[in-house]
Amino acid sequence: MKAILQKRERNTSVSKEEFCSDIKVLFDELKNSYGGYDYFGEDAFLNAKHAILEKANTEYDFEILESFMIEEFSKFIKDGHFSINDKCVFFPQRTKIYENESKNYDYAVKTYEVDGIPVFDIKKFYYDNDEERAQLDAFATSGETYKDAPCLIFDLRQNRGGSDTYLCDFLEGLNGEEPDFPMDFRQIYSDTFIEWLANECDMHGFEQGIDEEKSDGKILEKTQKIYILVDRRVASSGESAVANLKTMSGTVVLGENTRGCFFCGNCIHIYLPNSGICVYYGTGRLLYNGTQNIDELGGFAPDIYGAFEVEDVVRMYRNV
């Protein structure tokens with residue numbers, strides 16, 4: 001396996017020379033495989049590299065330099081996924097995030113009805129055990145069942161992401177076609193990402209290069225009403241779910257701005273060879289509506305701001 005993909009312990013006792021060597025490895029790798037590299041511009045990365053190396057050479061202190069790295073990246077990286085040792089370098093200005101209030105759930109999807117209206121309570125698009133995997137698989141294949149339902153409610157609050165495929169498969173069953181939201185997408189297939197796919201996902205046969213896809217999107221005209229409950233912790237594939245659900249004309253989003261963690265996906269961890277500093281970033285880049293970095297905009301904004309529960313949405317629908 002490529003050395004930087006191998007998990008290793010953080011080593012605070014590295015020498016100045018070893019630390020500086022790691023910084024050069026990091027910036028070479030970001031140029032090689034970070035999805036947002038071209039978007040933020042090479043000059044910004046080179047300036048950050050120079051500043052970090054200069055500080056290391058004039059005032060070497062490992063702990064201070066780790067914090068300084070985050071400060072330098074936060075000057076120009078507007079990407080909710082990008083983190084160093086699990087510390088995000090960017091939080092949307094319009095969205096206050098209280099990480100210690102995030103909850104862990106022992107289920108992925110619960111489906112139930114309130115006053116005859118189907119409710120999909122989806123807390124994550126990944127699974128931690130076989131039961132959660134079965135829940136997601138059952139949800140993904142159930143879309144056709146709800147084709148004639150006049151109203152559907154999706155409770156995505158606290159959903160921090162996972163895989164887009166479950167909701168996309170559901171919507172293909174519901175509508176007879178895949179959702180198509182407006183976008184400009186770019187995926188870097190670097191040697192690092194290809195090796196990560198082989199080792200972590202058992203996916204093989206990719207060639208180095210860049211895949212690009214652009215779409216003007218398509219709105220499906222439907223009489224079916226779709227309500228989505230969101231909050232500030234909806235992120236990543238949770239936000240992709242919002243984008244995909246918004247491709248139906250009867251969709252209304254309620255709550256708060258989402259997290260702002262949509263811009264770069266297909267994320268990987270790399271570990272710098274001497275220090276073990278872990279950097280997490282996306283190899284893909286996604287601009288909503290062709291030009292918008294949703295993270296920088298503070299997440300997806302709801303159509304109606306407020307604190308809503310499922311019962312509030314049911315009353316709203318019944319009063320229409």
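These figures come from a predicted structure and were not determined experimentally.
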*Main-chain N/O of I122 paired with N159 side-chain donor or acceptor, under 3.5 Å*: yes
*Step through the shown structure and confirm whether more than 12 heavy atoms of other residues, nucleotides or ligands are within 6.0 Å of CZ on R10.*
yes
*asked:* Do K55 and F68 form a cation-pi contact, if we require the NZ or CZ to be under 6.0 Å from the six-membered ring centre and within 45 degrees of the ring's axis?
replied: yes
_Closer than 3.5 angstrom, by distance alone: can the side chain of N293 be matched with the main-chain N or O of F263 as a donor-acceptor pair?_
no
*Qualifying residue for ring-ring contact (aromatic ring centres under 6.0 Å, His included) with F120, from F170, Y112, Y227*: F170
*asked:* I'd like to know if R186 and D38 make a salt bridge, using a cut-off of under 4.0 Å between side-chain N and carboxylate O.
replied: yes
*Do other residues, nucleotides or ligands put more than 12 heavy atoms under 6.0 Å from K49 NZ?*
yes
*asked:* Before you tell me yes or no, could you show the steps for R232 and E256 under salt bridge (charged side-chain N to carboxylate O under 4.0 Å, His left out), namely the whole-Å CA-CA distance, both residues' side-chain angles and the distance that decides it to 0.1 Å?
replied: CA-CA 6 Å; R232 292 169 177 160; E256 309 173 275; 3.1 Å; yes
*Count the heavy atoms of every other residue, nucleotide or ligand shown that sit under 6.0 Å from CZ of F27, and state whether that count exceeds 12.*
yes
*Look at the side chain of E72 and the backbone N and O of A48, then say whether any donor-acceptor pair between them is shorter than 3.5 Å.*
no
*Counting only heavy atoms not in K218, do more than 12 sit closer than 6.0 Å to its NZ atom?*
no
*Are the side chain of S33 and the backbone N or O of L30 linked by a donor-acceptor pair below 3.5 Å?*
no
*Does atom CD of Q208 have more than 12 heavy-atom neighbours, drawn from other residues, nucleotides or ligands, at distances under 6.0 Å?*
yes
*Taking the six-membered ring for Trp, are F262 and F300 parallel (under 30°), tilted (30 to 60°) or perpendicular (over 60°)?*
perpendicular
*Looking at Y107, does the NZ or CZ of K110 lie under 6.0 angstrom from its six-membered ring centre and within 45 degrees of the ring axis?*
yes
*Does E9 CD have over 12 foreign heavy atoms under 6.0 Å away?*
no
*Does a donor on one side chain and an acceptor on the other come within less than 3.5 Å for S67 and E63?*
no
